[in-house]
Amino acid sequence: MSKIILFSNIKGGVGKTTLCAHFAEYLSMKGVPVVAVDADIQASLSRHREREVEADPGQTVPWAITRLNTLDSKIVKAAMNEYKEQDGIVLTDCPGNLNDNNLSILYSIADLIVIPMSYDVDTIDATGIFVSVISQKSSARLVFLPNRINTTEGKAHEREMRDETISVLGRLGTVTPRIKQSVVIKRYSTLYPLDKYQYAAVEHAFDRIIEIINQL
């Protein structure tokens, strides 16, 4: 049986697709069987893979990416039930909205929902709305993944809000170590291993997620 892991949030620009790709590569580098499901209508993850394969057709594909048509509930149910029967980890890059009723199928079957976020007011508000809606659709464990965090900036009241946010989210799920704001994180590949700088940037956060997956 696989573990179904969603990368999701209604707030755009928090790095869902990028972190999903990085995590898939991180798992692959550790020898963990992994497949990524591109459920986003923009198909950013799968289109990125297509461009990379076109540029380097001789490169071995380390993990599979499949597109999922979330407009058809029968297709969604059949696909996710099939993935559930496989071994390994199934990562799903979700769209940045909750308008598609068929997405409820993904949330209902998920074992874990990874929620990339930052600590600005808009993202905190959007994340709160997302969690309140998801809690009615899913019993999956929640993991909050602070991304693109610059701890050297911010006024005192902003740092206090950040600490309060971590405290509140910690009562709803697990808050991982932060991933610092960095150019190396914005750059991702679906074909090549993480370089040493990328690995160091995500290691602590991703290891915490893996610990939680192993507890499921």
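Quick note: numbers below take in every heavy atom, side chains included, and nothing from hydrogens, waters or symmetry partners.
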- Under a 4.5 Å cut-off applied to non-hydrogen side-chain atoms, are Arg141 and Leu216 in contact? yes
- Query: Phe206 versus Thr176: any side-chain heavy-atom pair under 4.5 Å?
  - Reply: no
- Message: Using every non-hydrogen atom in the two residues, find where Ala39 and Leu106 come nearest and quote the distance to one decimal.
- Response: CB-CD1, 4.1 Å
- Task: Answer yes when Glu211 and Arg208 have at least one side-chain N-carboxylate O distance shorter than 4.0 Å, and no when they do not.
- Result: yes
- Within-4.5 Å side-chain heavy-atom neighbours: Val14 and Leu19: no
- Would you say the side chain of Glu25 lies within less than 4.5 Å of the side chain of Tyr199, judging by non-hydrogen atoms? no
- Any sub-3.5 Å donor-acceptor pair from Gln198's side-chain atoms to Val184's backbone N or O? yes
- Would you give the length of the straight line joining atom OG1 of Thr18 to atom CD1 of Ile179, rounded to the nearest 0.5 angstrom? 10.5 Å
- Message: Is it true that, when you exclude Gln215 itself, more than 12 heavy atoms of the residues, nucleotides or ligands shown sit nearer than 6.0 Å to its CD?
- Response: yes
- Message: Using 0.5 Å steps for rounding, measure from the SG atom of Cys94 to the CG atom of Asn9.
- Response: 10.5 Å
- Task: Considering non-hydrogen atoms only, spot the tightest contact between His48 and Thr190 and give its length.
- Result: CD2-CG2, 4.0 Å
- How many angstroms lie between atom CZ of Phe130 and atom OG of Ser135, to the nearest 0.5 angstrom? 10.0 Å
- Query: Given side chains that start at C-beta, do those of Ile210 and Val32 come closer than 4.5 Å, heavy atoms only?
  - Reply: no
- Query: Do Val61 and Leu191 have side-chain heavy atoms sitting under 4.5 Å apart?
  - Reply: yes
- List the atom of Cys20, the atom of Leu45, and the distance in Å for their closest heavy-atom pair. SG-CD2, 4.5 Å
- Task: With the side chain counted from C-beta on, respond yes when Val133 and Lys137 share a heavy-atom pair under 4.5 Å apart, and no when they do not.
- Result: yes
- Query: Taking all non-hydrogen atoms of both residues, which atom of Ser8 and which atom of Pro116 are closest, and how far apart?
  - Reply: O-CD, 3.8 Å
- Ile115 side, atom CD1; Ile134 side, atom CD1 - distance, nearest 0.5 Å: 7.5 Å
- Message: Taking atom OH as the centre, does Tyr197 end up with more than 12 heavy-atom neighbours from other residues, nucleotides or ligands that are less than 6.0 angstrom away?
- Response: no
- Item | Ile75 atom CD1, over 12 foreign heavy atoms within 6.0 Å | yes
- Would Leu169 and Met117 count as a side chain to side chain contact (heavy atoms under 4.5 Å, CB included) if you check the C-alpha gap in whole Å, the side-chain angles of each, and the deciding distance to 0.1 Å? CA-CA 11 Å; Leu169 295 181; Met117 57 167 295; 3.3 Å; yes
- Query: Can you hop from Tyr107 to Ile105 via hydrophobic side chains spaced under 4.5 Å?
  - Reply: yes
- Query: Can you check whether Gln42's main-chain N or O pairs, donor with acceptor, with Arg47's side chain at less than 3.5 Å?
  - Reply: yes
- Query: Can you find a side-chain donor-acceptor pair between Thr92 and Tyr83 that sits under 3.5 Å?
  - Reply: no
- Query: Heavy-atom distance under 4.5 Å between the side chains of Ile113 and Ser138, does that happen here?
  - Reply: yes
- Query: Do Ile65 and Leu27 belong to the same hydrophobic cluster, where Ile, Leu, Val, Met, Phe, Trp and Tyr are linked whenever their side-chain heavy atoms lie under 4.5 Å apart, directly or via other members?
  - Reply: yes
- Of Leu6, Val35, Ile109, Asp111, the residue whose pairing with Val90 passes side-chain contact (heavy atoms from CB on, under 4.5 Å): Val35
- Parallel, tilted or perpendicular: which fits the ring planes of Tyr188 and His22, with parallel below 30° and perpendicular above 60°? perpendicular
- Query: How far does CG of Asn102 sit from CG of Asp72, to the nearest 0.5 angstrom?
  - Reply: 7.5 Å
- Item | Under 3.5 Å donor-acceptor, Ser28 side chain and Ala24 backbone | no
- Task: Decide whether Val37 and Phe23 are clustered together by the hydrophobic rule: side chain heavy atoms of Ile, Leu, Val, Met, Phe, Trp, Tyr closer than 4.5 Å, transitively.
- Result: no
- Any chain of hydrophobic side-chain contacts (each under 4.5 Å) joining Leu142 to Phe7? no
- Over all heavy atoms of both residues, which pair between Ile124 and Ser118 is shortest? Give the atoms and the distance, please. CG1-O, 4.0 Å
- Task: Check ring pair (Phe, Tyr, Trp, His ring centres under 6.0 Å) between Phe144 and all other residues, then give those that pass, not counting sequence neighbours.
- Result: none
- Could you walk me through whether Thr165 and Val175 pass the side chain to side chain contact (heavy atoms under 4.5 Å, CB included) test, one step at a time? CA-CA 10 Å; Thr165 299; Val175 182; over 6 Å; no
- Task: Give a yes or no answer on whether the side chain of Arg148 reaches the backbone of Ile185 with a donor-acceptor pair at less than 3.5 Å.
- Result: no
- Message: If you compare all heavy atoms of Pro33 against all heavy atoms of Asp87, which two are closest, and at what distance to 0.1 Å?
- Response: CB-O, 4.2 Å
- Message: Could you tell me if Glu52 and Ser189 have a donor-acceptor pair between their side chains, going purely by distance under 3.5 Å?
- Response: yes
- Looking at CD1 of Ile149 and CZ of Arg162, how far apart are the two atoms once the value is rounded to the nearest 0.5 Å? 6.0 Å
- Message: I'd like to know if Asp120 pairs up with Lys11 as an ion pair, taking the criterion as any Lys NZ or Arg NE/NH1/NH2 lying under 4.0 Å from an Asp or Glu carboxylate oxygen.
- Response: no
- Is it the case that one hydrophobic cluster holds both Tyr119 and Leu145, taking links as side-chain heavy atoms less than 4.5 Å apart, direct or via other members? no
